[in-house]
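Here the structure comes first, spelled out in structure tokens, and everything after it is commentary.
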Amino acid sequence: GLTWAEVSAAPEITGTASGAITANKAVIVNSNGTLSQPAVTAAAWGTETEISTLNPNQNHSIIWVEKHSCFVMAYLDGTDGKIRTGTLSGTTITWNTPATITTDEAQQNRLAYNEQEDILMLAYRNASQSMRVEVRQVGLSGTTIGTISSAATPNSNTFTQEIRCTYGASGKTLVSWKDTAGKCIVATANSTAANHPNCTSTSTIESNNFNTHDCAYDPDSANWCFCWNDQDSEAGRSRLASVDSGNNITYSSTADFYNYYSQDIRVTYNTNLNKFHVVFSEQVSGGTEFKMNSAVGTVSGGAITWASQVEHSGGTGISDKVDYLGAVYNPISYKHEIFWRDKDDSDKLKTAEITISGTTPSIGSVTTLSNSAVKHQCFPVANNVGAIVNLWDRNDDQYYIVKSAESTTLTADKFIGFAKAGYSDSATATVKVVGNTLTGQSGLTPGAKVYVQGNGDVGTTADLPSVEAGTAISSSTLIIKG
């Protein structure tokens with residue numbers, strides 16, 4: 001057997017390189033036994049694809065349900081409310097057979113997923129019943145739509161606009177809308193699948209001038225954030241809402257995110273920075289221009305504080321005439337993807353990413369997604385691996401487009417260590433493996449885990465997939481683990 005003197009203090013293996021390998025980069029073993037440096041395939045947009053020709057007229061929305069690995073879309077199909085699931089492969093969604101929600105005209109369909117009860121919550125405006133709000137719960141088994149409940153009618157027969165349906169935690173979904181004021185209820189799942197959800201009495205978010213509102217949830221402080229425009233003061237306003245164990249809603253004081261007229265308001269929550277981000281178009285020049293702006297909000301002590309807004313129109317390749325905004329937070333890239341109609345460029349559909357540094361948002365390069373005229377609001381959603389889907393309508397037809405998630409050849413099973421030096425294709429490569437050390441790094445915390453990144457670098461936070469590189473033994477060195 002081996003003696004202690006024969007056991008290497010710095011274990012290594014050798015193999016044939018498949019492609020060039022850079023010194024100190026992670027190495028994976030391929031199925032044919034060769035060695036490679038992990039390669040990253042960048043995220044990329046597919047092509048716009050038609051779903052329906054039955055004029056959804058912005059009466060649709062889409063969500064991602066991670067537990068069932070599918071998208072769910074609710075929409076108006078002619079005069080009926082429908083719901084269906086879809087599965088993603090690359091940049092193509094395969095849509096399953098729809099189920100009918102109601103034969104009434106279900107407008108402004110808005111979906112949320114109750115993670116605790118594993119059930120969908122759906123709110124919409126029933127145009128066949130005095131434009132009232134209706135709320136249903138919908139079962140989901142894999143990609144099969146289950147029982148669709150009867151409808152709760154929380155605002156009786158009052159004319160309703162701007163419906164939102166936002167899940168938080170602990171089985172609580174907030175359904176908000178505008179009628180004579182900004183209203184809200186808490187909806188929770190009914191244990192009897194066919195019965196409508198349990199809904200609280202309505203509460204008032206804002207008693208007057210509650211326009212173009214949106215809502216997002218902060219899981220860190222357990223607060224929902226409502227953002228809207230107050231037409232009298234022209235301010236962009238916000239409130240936090242919290243829900244206690246008895247499903248009573250408490251609202252904070254208002255906080256303005258902008259002091260001038262704002263519309264197309266879309267708010268998202270950045271789970272990496274623990275901050276809200278609101279994007280909106282500012283109406284200027286007597287309503288002939290609509291400039292894109294955004295602001296970052298920080299929650300502390302039950303209140304929200306907004307940093308100064310940043311204008312994105314102008315010198316960034318974004319025109320002064322944007323509307324029909326959509327926004328979604330990408331949990332993998334930590335960026336906010338923004339969609340809009342460019343009224344200065346034949347109403348084309350465009351997109352760009354916003355990155356937040358501290359409390360300052362900055363927008364990246366602009367991509368045109370469709371050369372055809374956008375008719376109504378964009379509805380984007382991201383899945384758990386960073387793929388993004390945008391749903392919209394044009395020329396009375398319903399379309400979607402997918403941005404694929406960034407991918408890598410790295411996996412935990414394939415990772416074996418780090419390259420001792422640089423090697424060319426087909427050269428014999430030496431790899432430092434478990435028990436050896438990787439030096440020449442910086443910013444490591446002794447005793448903390450270190451992770452392999454998708455491109456073969458190392459970092460202090462896990463990438464996707466999460467692959468452990470080892471443990472730091474100094475600020476510049478880690479001991480390799482397998």
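Bear in mind that the values here come from a model prediction, so they are computed numbers and not experimental data.
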Non-hydrogen atoms of [X] and [Y] that approach each other most closely:
| X | Y | value |
| --- | --- | --- |
| Glu337 | Ile388 | OE1-CD1, 3.6 Å |
| Thr408 | Pro465 | CG2-CD, 3.6 Å |
| Pro446 | Ser475 | CG-N, 4.3 Å |
| Ala307 | Ala295 | O-CB, 3.9 Å |

[X] side chain near [Y] side chain, heavy-atom distance below 4.5 Å:
| X | Y | answer |
| --- | --- | --- |
| Asn274 | Asp218 | no |
| Val278 | Ile265 | yes |
| Arg164 | Asp214 | yes |
| Leu174 | Val186 | yes |
| Gln137 | Asn114 | no |
| Ser357 | Ser362 | no |
| Tyr399 | Ser372 | no |
| Leu35 | Ile416 | yes |

Point-to-point distance, once rounded to the nearest 0.5 Å, from [atom1] of [X] to [atom2] of [Y]:
| X | Y | atom1 | atom2 | result |
| --- | --- | --- | --- | --- |
| Asn270 | Lys335 | CG | NZ | 12.0 Å |
| Leu111 | Tyr167 | CG | OH | 15.0 Å |
| Ile363 | Met292 | CD1 | CE | 5.0 Å |
| Asn330 | Thr268 | CG | OG1 | 11.0 Å |
| Ser61 | Tyr75 | OG | OH | 12.0 Å |
| Trp224 | Ser242 | CH2 | OG | 8.5 Å |

side-chain contact (heavy atoms from CB on, under 4.5 Å) assessment of Ile83 paired with Leu120: CA-CA 11 Å; Ile83 188 167; Leu120 301 165; 4.1 Å; yes
Short side-chain to backbone donor-acceptor contact, [X] and [Y], under 3.5 Å:
| X | Y | answer |
| --- | --- | --- |
| Asp463 | Ser466 | no |
| Ser404 | Ala44 | yes |
| Gln309 | Asn293 | no |
| Asn190 | Pro197 | no |
| Ser474 | Ser476 | yes |
| Thr428 | Thr16 | no |
| Gln453 | Thr461 | yes |

Looking at Lys348, I want to see if its NZ is surrounded by more than 12 non-hydrogen atoms of other residues, nucleotides or ligands under 6.0 Å. yes
With Asp323 as partner, the option from Lys291, Arg266, Arg341, Lys350 fulfilling salt bridge (charged side-chain N to carboxylate O under 4.0 Å, His left out) is Arg341
Is the [X] ring parallel, tilted or perpendicular to the [Y] ring (thresholds 30°, 60°)?
| X | Y | value |
| --- | --- | --- |
| His60 | Phe379 | perpendicular |
| His277 | His336 | tilted |
| Tyr334 | Tyr329 | parallel |

Are Ser36 and Asn30 close enough, and set up right, to give a side-chain hydrogen bond (donor to acceptor under 3.5 Å, both in side chains), and what steps lead you there? CA-CA 7 Å; Ser36 296; Asn30 302 310; 2.8 Å; yes
Whether the Trp306 and Ser238 side chains hold a donor-acceptor pair (N or O, under 3.5 Å, no angle test) is what I'd like checked. yes
Under 3.5 Å side-chain donor-acceptor pair for Tyr124 and Asn109: no
Lys25/Asp457 ion pair, N-O < 4.0 Å: yes
Just do the side-chain contact (heavy atoms from CB on, under 4.5 Å) check on Arg84 and Ile51 with the steps written out, would you? CA-CA 12 Å; Arg84 71 197 310 185; Ile51 307 172; 3.9 Å; yes
Starting from the C-alpha separation in whole Å, work towards a yes-or-no answer on side-chain contact (heavy atoms from CB on, under 4.5 Å) for Lys67 and Tyr113. CA-CA 10 Å; Lys67 179 174 181 178; Tyr113 175 63; 3.7 Å; yes
Quick test of your reading: applying salt bridge (Lys or Arg N to Asp or Glu O under 4.0 Å), list the pairs with at least one residue in residues 405-428, sequence neighbours left out, ordered by first then second residue. Glu12-Lys420
Can Leu438 and Asn24 be said to form a side-chain contact (heavy atoms from CB on, under 4.5 Å), step by step? CA-CA 7 Å; Leu438 178 66; Asn24 293 331; 3.5 Å; yes
Does the pair His376 and Asp393 meet the rule for a side-chain hydrogen bond (donor to acceptor under 3.5 Å, both in side chains), with working shown? CA-CA 6 Å; His376 288 112; Asp393 54 278; 2.9 Å; yes
Could you walk me through whether Tyr258 and Glu282 pass the side-chain hydrogen bond (donor to acceptor under 3.5 Å, both in side chains) test, one step at a time? CA-CA 9 Å; Tyr258 193 46; Glu282 172 196 10; 2.8 Å; yes
Carefully, step by step, assess Phe276 and Phe257 under the rule ring-ring contact (aromatic ring centres under 6.0 Å, His included). CA-CA 11 Å; Phe276 285 103; Phe257 58 83; over 10 Å; no
Side chain to side chain donor-acceptor pair (under 3.5 Å) pairs touching residues 91-102, sequence neighbours excluded, are Thr85-Asn96
